[in-house]
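In what follows, chains are A, B, ... by sequence order, proteins preceding strands, each numbered from 1. Worth knowing before you read on, the calculation uses all heavy atoms, side chains too, and leaves out hydrogens, waters and symmetry mates.
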Number of protein chains: 2
Amino acid sequence: MPLTQEPSPRSEPAPRRPRQRRKEARPGEIIDAALALWAEQGFAATRLEAVATRAGIAKGTIYLYFPSKEALFEAALRDRIGGTLASVGAQLPELEGSLEAELGLLLHAIYDRLLETDSAALLKVLIGEGHRFPGLVELYREVALASGLGMVRRILERAAQRGELRLPPEAVDPRMVVAPAIAAAVWRMLFGVGPSLDRTAYEKAHLDLVLRGLLVEPCSTTQSP
Amino acid sequence: MPLTQEPSPRSEPAPRRPRQRRKEARPGEIIDAALALWAEQGFAATRLEAVATRAGIAKGTIYLYFPSKEALFEAALRDRIGGTLASVGAQLPELEGSLEAELGLLLHAIYDRLLETDSAALLKVLIGEGHRFPGLVELYREVALASGLGMVRRILERAAQRGELRLPPEAVDPRMVVAPAIAAAVWRMLFGVGPSLDRTAYEKAHLDLVLRGLLVEPCSTTQSP
DNA sequence: TTGACTAATGACCCGTTGGTCATTAAAGCA
DNA sequence: TGCTTTAATGACCAACGGGTCATTAGTCAA
């Protein structure tokens, strides 16, 4: 049951107004609050009481909308899955640029998603406590991962048709192409938002590295400005 | 208090022999059991009772050697930190090969550590529930990470002196060099040991990608065999 | 063989927390 | 204004699990 498609959350601690009936808005607010707390504390360590407080409601209210803590996680995952990536996928066909342009756009979207969105909390929970949700890990693999890697693959195939690739596209592991973004996400999950990860420079270095590894004529690409 | 330095665990579910006094062996066995369970279930979700059972002892025995669950995690981290990486560091000075040879050796050691060792459980716990151990996250950053990245940096500097690099070594982010290994570890933490990650091929592709991105003359490197 | 020492045990304690439900009150309507 | 509907509440329950400790038994020196 997809609830919201909005990838940017309407978070903030939520000031406690007396008692208000807002049936429509609740589920999204609860998911936002939960993701925010899970991102910093993990799934098991986050009490539902805390989620409720952050959402500005009482604990019981959560059970009006979600039958259990695990169901809340599933709803959060389904809500946030897809999102930006899909919209990038829609843009791609019209783009028709070089490998550099297309890959740059996709990687940018991936970094947005992994570093600036609370979807990162999902990844964190799936890594640390995913064994509790075997079905959801599978779902994540099929939807989020497969779509991202599938997009990489399509971009590579198009570049190969243009003769830009040094290898046949089947010989390239798409995971390798996105790996530095995953590593950046891990960095953030471990050490939090800090001065140690300069996204812009990192992202540029990533694109540069990958292009040099893939292109027929790598020496023509970005020379540090 | 470092207990064991042995990186390869003496695990196995441990058959329940009646009652035996083995003061020396216990701490290591407990750590092994804990890491094995944390790797698949996470820290918070693993009961100490389960750790004890796996180690072939009773729960109370754990508290004979570790004052608390968190202390057990700290001991496990301190026990496993360092290890293989340090031994590679000792080998490096004598090696004096090409960038390819040196980096290949280091990456191989990193993959060993991240994919074949229960140290991976530490990373998993630190990612998912690290907020509970701020001091240990810092320790991990300083010891494990800094030593790994420092080694990359030293290898790069040596390669630069030989004129092998296209960029000054300061311009290369060492994290970028190891990123695909981190991504592989994430893959494993998410989906477990499966047919989907062919380590040998992946590792080779990793080395190839990085070398092409770094070397002055990348076209001379590995052409797919 | 026996006694002293202490590693090992597991029943027990109690704080925590996911989940319930009788009660309260906001909102809409006549 | 009063009545009905139902969203929201929070006190409460029960299970769970980290941590304790009186008791048991392995080991070894005398």
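The distance from atom CD of A:Glu24 to atom C1' of C:dA26 is 15 Å, rounded to the nearest whole Å. Put simply, CD on A:Glu29 is 13 Å from C1' on D:dA8, counting in whole angstrom units. Nucleotide C:dG28 holds its P atom 14 Å from the CZ atom of A:Arg22, rounded to whole Å. Rounded to an integer number of Å, the gap from B:Arg19 CZ to D:dT27 C1' is 13 Å. When rounded to the nearest whole Å, the span between CG of B:Leu64 and C1' of D:dT20 equals 12 Å. Spacing between atom CG of B:Leu72 and atom P of D:dG19 amounts to 10 Å, rounded to whole angstrom units.
Looking at A:Glu170 and A:Arg153, no side-chain N of the basic residue comes within less than 4.0 Å of a carboxylate O on the acidic one, giving no salt bridge. Between B:Lys204 and B:Asp198, none of the side-chain N atoms (NZ, or NE/NH1/NH2) sits under 4.0 Å from a carboxylate O, so this pair counts as no salt bridge. Using a 4.0 Å cut-off between a side-chain N of Lys or Arg and a carboxylate O of Asp or Glu, B:Glu157 and B:Arg154 do not qualify as a salt bridge. A salt bridge does not link A:Glu129 with A:Lys124: every distance from a Lys NZ or Arg NE/NH1/NH2 to an Asp or Glu carboxylate oxygen is 4.0 Å or more.
A distance of 9.5 Å separates CG in B:Leu139 from CG in B:Leu126, rounded to the nearest 0.5 Å.
Considering only side-chain atoms of B:Tyr63, the nucleotide from C:dA25, D:dG18, C:dT9 that sits closest is D:dG18. Listed nucleotides: D:dT27, D:dA8, D:dG18. Nearest to the side chain of B:Gln20: D:dT27. In the set C:dA8, C:dG19, D:dA8, the nucleotide with an atom closest to the side chain of A:Tyr65 is D:dA8. Closest contact between the side chain of A:Lys23 and the listed nucleotides D:dT27, C:dA7, D:dA7 involves D:dA7.
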Show me the protein contacts with nucleotides 1-6 of chain C, counting only N or O atoms at under 3.5 Å.
unit_1, atom_1, unit_2, atom_2, d
C:dT6, O2, B:Arg21, NH2, 2.3

Atom pairs, N/O to N/O, protein against nucleotides 11-17 of chain D, distance under 3.5 Å?
unit_1, atom_1, unit_2, atom_2, d
D:dG17, OP2, B:Arg47, NE, 3.3

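For B:Arg26 and C:dA8, the shortest distance from a side-chain N or O to OP1 or OP2 is below 4.0 Å.
Both the sub-6.0 Å distance and the 45° axial angle are satisfied by B:Arg141 relative to the ring of A:Phe191.
In this structure, A:Arg47 has no salt bridge (charged side-chain N to carboxylate O under 4.0 Å, His left out) partners at least two apart in sequence or on a different chain.
Sequence order on DNA chain C of the closest nucleotides to A:Phe43 and B:Ile62 puts B:Ile62 first from the 5' end.
The shortest non-hydrogen separation linking A:Val137 to B:Leu190 is CG1-O, 3.6 Å.
For the side chain to side chain contact (heavy atoms under 4.5 Å, CB included) with A:Phe73, the qualifying choice from A:Ile31, A:Leu136, A:Leu35 is A:Leu136, the only one to do so.
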